[in-house]
Amino acid sequence: MQLSALEIVRRESLQKLRELGINPYPAEEFKTTTTIKQITSNFNNFEGKEVVLAGRMMSRRIMGKASFAELKDASGRMQIYVNRDEISSEENPTMYNTVFKKLLDMGDIIGVKGIVFKTNVGEVSVKVKELTVLSKSLRPLPVVKTDADGKVHDAFSDAEQRYRQRYVDLIVNDHVKETFIKRTKITNSIRNFFNERGYLEVETPILQPIPGGAAARPFITHHNALDMPLYLRIANELYLKRLIVGGFDAVYEFSKDFRNEGMDRTHNPEFTVMELYVAYKDYNWMMRMTEELLEKVAIDSNGTSEVQIGEHTVSFKAPYPRVPILEAIKIHTGYDVAGMKEDKLKDVCRKVGIEVDDTMGVGKLIDELFGEKCEHHYIQPTFITDYPKEMSPLTKEHRTNSDLTERFELMVNGKELANAYSELNDPIDQRERFEDQLKLSAKGDDEAMFIDQDFIRALEYGMPPTSGIGIGIDRLVMFMTNNASIQEVLFFPQMKPEKKAIEMTDDEKVVFNILKSNTPILLNDLKSQSGLSNKKWDKTIKGLTRNKLASVNNTDTGLFVELT
RNA sequence: GACCUGGUAGCUCAGUUGGUAGAGCACCUCCCUUUUAAGGAGGUGGUCCUGGGUUCGAGCCCCAGCCAGGUCACCA
C-alpha cells in the first residue's frame, strides 16, 4: 500500500508512543464522568469541578508551553486547555513536549481528566490534569474550520467522498449527524404514536417467493438448499394483510424494500417504507390518523409543525385538504375527465401536451394527467383521493362510484409522501383485479406481475374491512430535515464500487521504485540493483509487465526495462 | 438510457495560446503559558481519474473508458 507522507508520519508517531511505553490502543475501559454537552449547557454547575471526558481531538493550537485543543465527543465539541506543567513538569516534560505536542495528531481519540473553567475570552474549557491516549488515528482528517462569523472554511463537501466514507462525513460535518439523529427521532415518534394505540410492530419476510404488493421490478436471488428463486420484497402489504386475516387488529412494519430500477436523487435501490393496517377502519379514518401523526412527527423532530422545505414553508398542522383526483385534474387542466373512455382521455392528454401510446390504459392516462399537470401544485399537505379503479388493484371500490376506488395519496411539496386505501377484501374481486393487471402487463409493461394465490386464499377465509397506508420514510425524513437528496438521509447510499488500484508485491515495489528514478535501464543493471534471486527476479519482472507497469524492450544496444 | 458539469497535494480550490504544477489550511523544524479560522520564520508533500492519440513538448487539445453530481427519460 502506498502511504502518503502524512500517513508515514503518523505511523512513526505510533511507533514512538509504543517506545515510550504508551499503548496507543489500550484495552481498559475508560470511565467518563459526564459529556461535553452537559458541561457546555450547565457551565455554572460544573465550574471548578473535576470531569473526565473522552473524544476525538479535532484541532490543536500550540503556544509553547500551553495549548488549546478541541475535543469532540458524541454530544458535542468543547475546548480543552493543556499546560505543560499540569500534565507533566519542567523536569520531566515528556507527556507534554513529546506525547501531546509531537506524537498526537488531529483525529486521535484521547481521554482527559481536568477542571472546568472559562478562559479570559470566555470560552468554556477543561484544564487538563491527566491525558490518556485511547486510539491513534493513522489517516489525516479533512480540516474543516468555522470562523467567528460562523462561516465554514474548506468544508468536506465532495458528495462522492462523503457518501463513500460516511464515517469521515460524520466526524467533520456536525450537521450530517443531526440529520440522522432526527431520522431516528422521526421513526421513534411514529412508533410511539402507534404503540400508544396498541398497534403491534411486526416483521415479515424480506425474501419472498412472489414479490407482491406493488408494481416494480424486483431483485432476484437464489436459495441453494431449496434450489429456487427468491425475490427481495418490493412491498410488505400482502403479508401484513395476512396478519389482519389472522386476527390482529392493527399491525405495522418499518420495512426495507428493494426495487431494481433507476437511481437518482430520490430513489435508492433499498429504501424504507412504514406500512400500517388497521381493521374495521376506512380511508377516511386513515386520513384523520395520518394528519394527526404527521403533525406530531413534525413537532417531535423539529419542535414545530411548520417545516422549511427548500424555498417553501410547509405546515403539517392538521387537518389537510381532501381533493379528489378528477377534481384536481379539472382544476389544473380545465378538463372534466370523469367517466371518459380511453380514446377521449387520450385526446385530452394530447391537448395538454402529454405523449400517449398504445400501452396506456385509462388508469395510466389519468395518472399521467395528474403527475404532469397537478402534482407539483400541492406544496402544502393535501390528500388526493378517489383514484380510478384501473390503477389501484388492491383497493376497495368506491362506495358511491364504481369507476373509482377508496384510495388517497398524500402530496407534500409536490411529491407523494403516502399512499393508502380502504383495502380490497373481496377475494373474488381481488382475483379479477390481479388478472386484469396481468393483462395490462402483457400489453407491454415489462414489470411482470405475479398472482399470489396464497394471499387470495387468505382473503377467502375473510379479512375484516381494513384500511392500510404506506409512508415513505426516506422521503418523510428528507422533508423534515430539508434535504433534497435521498442520499443525504441514508447512512450508506448505494454507490458503484471504487476502482481497485493495482496491488504490487513488495518485490515489485522495489523494482518499480528503482525504475521510477532510472528509466529506461539495462535489464541486467536493474536485476542486480534489485538484489533479487533469479527466480524472484523472473516472477517480479513478469508481474510488472503483466500489469503493464513496465516493459522490456530488445534494442540494438541491449535489453532495456522501462516504465510504461 | 440521453445530455450537461466535474475529477489537480490529506481537505478546499487556482492553473494563462500547449512550455519546469500553484495557493490557503493541514503536515514537518524552530519561537511562543488563557488562544480560538491563534500568530511569526523556514520547509516537505503530486498516478494532474485511467488508457490511447496529436505534438519537440499535454493538467490543458482529440478519442475511448471509469467515478460522481445535475437535468431529462424510465419507474412509484
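So you know, we letter chains A, B, ... as the sequences are listed, proteins then strands, and number each from 1.
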Expressed in angstrom and rounded to an integer, what is the separation of [X] atom [atom1] from [N] atom [atom2]?
X        : N      : atom1 : atom2 : answer
A/Phe117 : B/rU35 : CZ    : P     : 10 Å
A/Asp147 : B/rU36 : CG    : C1'   : 11 Å
A/Leu3   : B/rC27 : CG    : P     : 18 Å
A/Arg60  : B/rA37 : CZ    : C1'   : 17 Å
A/Lys496 : B/rA68 : NZ    : C1'   : 11 Å
A/Met57  : B/rU35 : CE    : P     : 20 Å
A/Glu12  : B/rC28 : CD    : P     : 11 Å
A/Asn268 : B/rC75 : CG    : C1'   : 14 Å

A/Tyr387-A/His398 aromatic ring centre distance below 6.0 Å: no
Between A/Tyr320 and A/Phe383, ring centroids under 6.0 Å: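 Close enough - the centres of the two rings lie under 6.0 Å apart.
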Heavy atoms only, 4.0 Å cut-off, all strands: where does [X] land among base, sugar-phosphate and nothing?
X        : answer
A/Lys151 : nothing
A/Lys415 : nothing
A/Gln487 : sugar-phosphate
A/Arg265 : sugar-phosphate

Nucleotide opposite [N] in a Watson-Crick or G-U pair, distances under 3.5 Å:
N      : result
B/rG19 : B/rC56
B/rC72 : B/rG1
B/rG6  : B/rC67
B/rA41 : B/rU29
B/rU36 : none

A/Arg183: salt bridge (Lys or Arg N to Asp or Glu O under 4.0 Å) partners, not counting sequence neighbours: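 Scan of A/Arg183 (salt bridge (Lys or Arg N to Asp or Glu O under 4.0 Å), adjacent residues dropped) gives A/Asp474.
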Any donor-acceptor N/O pair under 3.5 Å between B/rU35 base and A/Gln79 side chain: yes
Non-hydrogen atoms of A/Pro211 and A/Ile234 that approach each other most closely: O-CD1, 3.8 Å
Nucleic acid footprint by protein, nucleotides 9-14 of chain B - heavy-atom cut-off 4.0 Å, B for base, S for sugar-phosphate alone: -BSS--
Parallel, tilted or perpendicular: ring planes of A/Tyr96 versus A/Phe100, cut at 30 and 60 degrees: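 Aromatic pair A/Tyr96/A/Phe100 classed parallel.
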Closest nucleotide among B/rA68, B/rU36, B/rC32 to the A/Met495 side chain: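 So the side chain of A/Met495 is nearest to B/rA68.
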Of the listed nucleotides B/rU35, B/rA37, B/rC74, the one nearest the side chain of A/Phe68: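 Nearest listed nucleotide: B/rU35.
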Separation of the C1' atoms in B/rU50 and B/rG7, to the nearest angstrom: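 That atom pair is separated by 11 Å.
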Test: A/Glu423 and A/Lys396 ion pair at under 4.0 Å: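 Judged by the 4.0 Å cut-off on N to carboxylate O distance, A/Glu423 and A/Lys396 do not form a salt bridge.
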Counterpart residues, side-chain contact (heavy atoms from CB on, under 4.5 Å), relative to A/Lys118 (two or more places apart): A/Phe43, A/Val124
Any side-chain donor near an acceptor of the partner, A/Tyr163 and A/Glu488, under 3.5 Å: yes
A/Lys145 side chain near B/rU36 phosphate (N/O to OP1/OP2, under 4.0 Å):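 Result: no.
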